[in-house]
Novice: 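Attaching a single structure in structure tokens format; questions to follow.
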There are 2 protein chains.
Amino acid sequence: MRAFAEPRDTDLKRTCMRDHIRDALVTRILDGHYPAGAQLKELVLAGEFNVSQAPIREALRELEGSGLVTSERYRGTRVRGADLEEMRQSYELRATIEARAVELAIPCSPAVIAQLQDCLDAMQEALARNEVERYIDHALRLHRGLIEASGNRVFVTVWDSLHFDVRGRLVLRRMAERSSYAPLLQMHVELLERIRAGDAANAADILRRLFRSVAEVFRPD
Amino acid sequence: MRAFAEPRDTDLKRTCMRDHIRDALVTRILDGHYPAGAQLKELVLAGEFNVSQAPIREALRELEGSGLVTSERYRGTRVRGADLEEMRQSYELRATIEARAVELAIPCSPAVIAQLQDCLDAMQEALARNEVERYIDHALRLHRGLIEASGNRVFVTVWDSLHFDVRGRLVLRRMAERSSYAPLLQMHVELLERIRAGDAANAADILRRLFRSVAEVFRPD
DNA sequence: CGGCAAATGATTATCGATAATATAGAATAG
DNA sequence: CTATTCTATATTATCGATAATCATTTGCCG
């Protein structure tokens, strides 16, 4: 017997349950809905998502692999990160990886530069129209593009598995409440200039400074 | 009914099946037993390990989280990495992370320095006695200690989830067949000197050079 | 012969139930 | 009154079976 004989609530069954569950859990962990240390009880979650234990467990194992939760045998799975300190530390890693990625990416093919420029233009336009979510989309696209341009697939995998897409979205939303994106955008402009010029050292340095200014968000209010 | 009524072959049931399975799969992937792209069929593995599908799937999901395999809905799970190029790229990441970790770790508390020195002494002793496996144990202990000393728990998580313990073991064994550990050990000695002196920039640089020399192993024979 | 369609086989995704283990509270002995 | 063992109860780990989907082959018709 299928679990969902009745019509589905929101999303179609485009992907399997465990993917939906994983994404939902990632968001809940990173936005603080589940505080650090909270136990994720399988049957409770199974009830919430209207599925059996199995897909829940698989989603949890995937999160375990990417380090967002830990589990102890017969003691359950607990949330690991997502307080401000963990966010700060994960951004330290992100800065480290992206700075190295841009060094590896330079010199950059015209095609890649065009793609990055496209992201930057879209960011600029979104900012002009004050469309925050669109700005975030394209900013994330730019940064992921940078990682891809390094040619190092392991970098990409790690960037993805730490869910910097979700993290970045949360961080940038938080920034929007405090200050303007304008200085941030300006740094991206300079970054692209340095990339174009083949100036790896300064490009990497701009990225480090960029993330240092983003890190301000992680100060307690 | 339990799957293992008969006495177990090797290891006691100290940990749950999915952990054994995960570790076994990690080793098989990294040592090349499963070539890149190989499909990991759940029921076949279930047969091999004498368990049902569930723990296999969970192990696979954990590996998916740490990026060693990818899976496509209803199409199965395939090995992602572990050719020479993937090893090289993962070591590029390792070098990047460890170099930054040592910068963050400096200045270092006397307790941590003592611990690192202890690893180094053990490495030296093992090398003198030509005990390769012992040397590897302590070298890995030193490097993980370095990551921990950075105080960044995300670094530790990523280092663990990429299974640098298993990778390092394989790489160092391979090195042993080609050249002596002596120059490598010497670099570690210098590294610790720089750490003691609080010289972050040079310590990080030694680490980068160290991994560059390790990377020689990844050249095709 | 060649292309389409249905049937077949292989594999994954999920289910519901059961076994194993830990935790907490009650009962008991000292 | 405290420490200890025992007994529920909650939770995880695993099982065996079924449903859903994909891949391949077969059979039919032009």
Side-chain angles (χ1 to χ4, degrees), chain A residues 1-25 29 34-35 37-65 68-80, chain B residues 1-25 29 34-35 37-65 68-80:
Chain A
M1 182 178 52
R2 287 288 283 102
F4 288 97
E6 71 272 19
R8 300 290 279 287
D9 32 352
T10 50
D11 40 39
L12 271 317
K13 57 180 81 169
R14 317 223 305 255
T15 78
C16 51
M17 269 333 266
R18 78 158 201 270
D19 287 343
H20 290 299
I21 294 165
R22 167 178 44 79
D23 292 343
L25 291 181
I29 290 172
Y34 294 141
Q39 183 178 14
L40 301 179
K41 297 184 188 176
E42 299 170 358
L43 290 179
V44 173
L45 291 172
E48 276 187 57
F49 287 100
N50 257 287
V51 296
S52 77
Q53 216 184 341
I56 300 286
R57 284 175 65 86
E58 291 187 38
L60 290 176
R61 293 297 82 76
E62 201 170 337
L63 264 41
E64 192 177 357
L68 250 50
V69 303
T70 18
S71 75
E72 251 180 308
R73 159 191 157 90
Y74 286 114
R75 291 211 180 175
T77 304
R78 313 192 93 91
V79 176
R80 196 168 217 266
Chain B
M1 181 177 54
R2 287 288 283 99
F4 288 97
E6 70 271 21
R8 300 288 279 285
D9 32 353
T10 51
D11 40 39
L12 271 317
K13 59 179 81 170
R14 315 222 309 255
T15 77
C16 49
M17 271 328 272
R18 77 155 201 270
D19 287 342
H20 290 299
I21 294 164
R22 167 177 46 77
D23 292 344
L25 291 181
I29 291 173
Y34 294 140
Q39 182 178 13
L40 301 179
K41 296 184 189 176
E42 299 171 359
L43 291 178
V44 173
L45 291 171
E48 275 186 58
F49 287 102
N50 257 288
V51 296
S52 76
Q53 215 183 341
I56 300 285
R57 284 176 65 86
E58 292 187 37
L60 290 176
R61 293 297 82 76
E62 201 171 338
L63 264 42
E64 191 177 357
L68 248 52
V69 304
T70 17
S71 75
E72 251 180 309
R73 161 191 157 89
Y74 285 114
R75 295 220 177 163
T77 305
R78 314 193 92 91
V79 176
R80 196 171 220 266

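In this text, all values refer to a predicted model and were calculated from it rather than measured experimentally. Letters go in sequence order (proteins before strands), and every chain restarts at 1.
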Novice: Roughly, in whole Å, what's the span from CZ in A:Arg61 to P in C:dA13?
Specialist: 17 Å

Novice: Answer yes when A:Glu64 and A:Arg61 have at least one side-chain N-carboxylate O distance shorter than 4.0 Å, and no when they do not.
Specialist: yes

Novice: Any side-chain heavy atom of A:Val79 within less than 4.5 Å of one from A:Leu68?
Specialist: no

Novice: Expressed in angstrom and rounded to an integer, what is the separation of B:Phe49 atom CZ from D:dT14 atom C1'?
Specialist: 16 Å

Novice: What is the distance from CZ of B:Arg22 to C1' of D:dA13, rounded to the nearest Å?
Specialist: 15 Å

Novice: Just the atom pairs and distances: protein N or O near nucleotides 9-12 of chain C's N or O, under 3.5 Å.
Specialist:
{"unit_1": "C:dT11", "atom_1": "OP1", "unit_2": "B:Lys41", "atom_2": "NZ", "d": "2.5"}
{"unit_1": "C:dT12", "atom_1": "OP2", "unit_2": "B:Glu42", "atom_2": "N", "d": "3.2"}
{"unit_1": "C:dT12", "atom_1": "O3'", "unit_2": "B:Tyr74", "atom_2": "N", "d": "3.3"}

Novice: So that I can tick it off, tell me whether A:Glu62 and A:Arg57 are bridged by a salt bridge, with the cut-off set at under 4.0 angstrom between side-chain N and carboxylate O.
Specialist: no

Novice: Among residues at least two apart in sequence or on other chains, which ones pass side chain to side chain donor-acceptor pair (under 3.5 Å) with A:Gln39?
Specialist: none

Novice: Got a sec, which residues hit side chain to side chain donor-acceptor pair (under 3.5 Å) with B:Asp19, two or more places apart in sequence or on another chain?
Specialist: B:Arg22

Novice: Without decimals, in angstroms, what is the distance between B:Glu62 CD and D:dA13 P?
Specialist: 11 Å

Novice: In whole angstrom, what separates A:Met17's CE from D:dA20's C1'?
Specialist: 14 Å

Novice: Atom CD1 of B:Ile21 to atom C1' of D:dC15: distance rounded to whole Å?
Specialist: 13 Å

Novice: Is a donor on one side and an acceptor on the other found under 3.5 Å between the side chain of B:Arg78 and the backbone of B:Gly37?
Specialist: yes

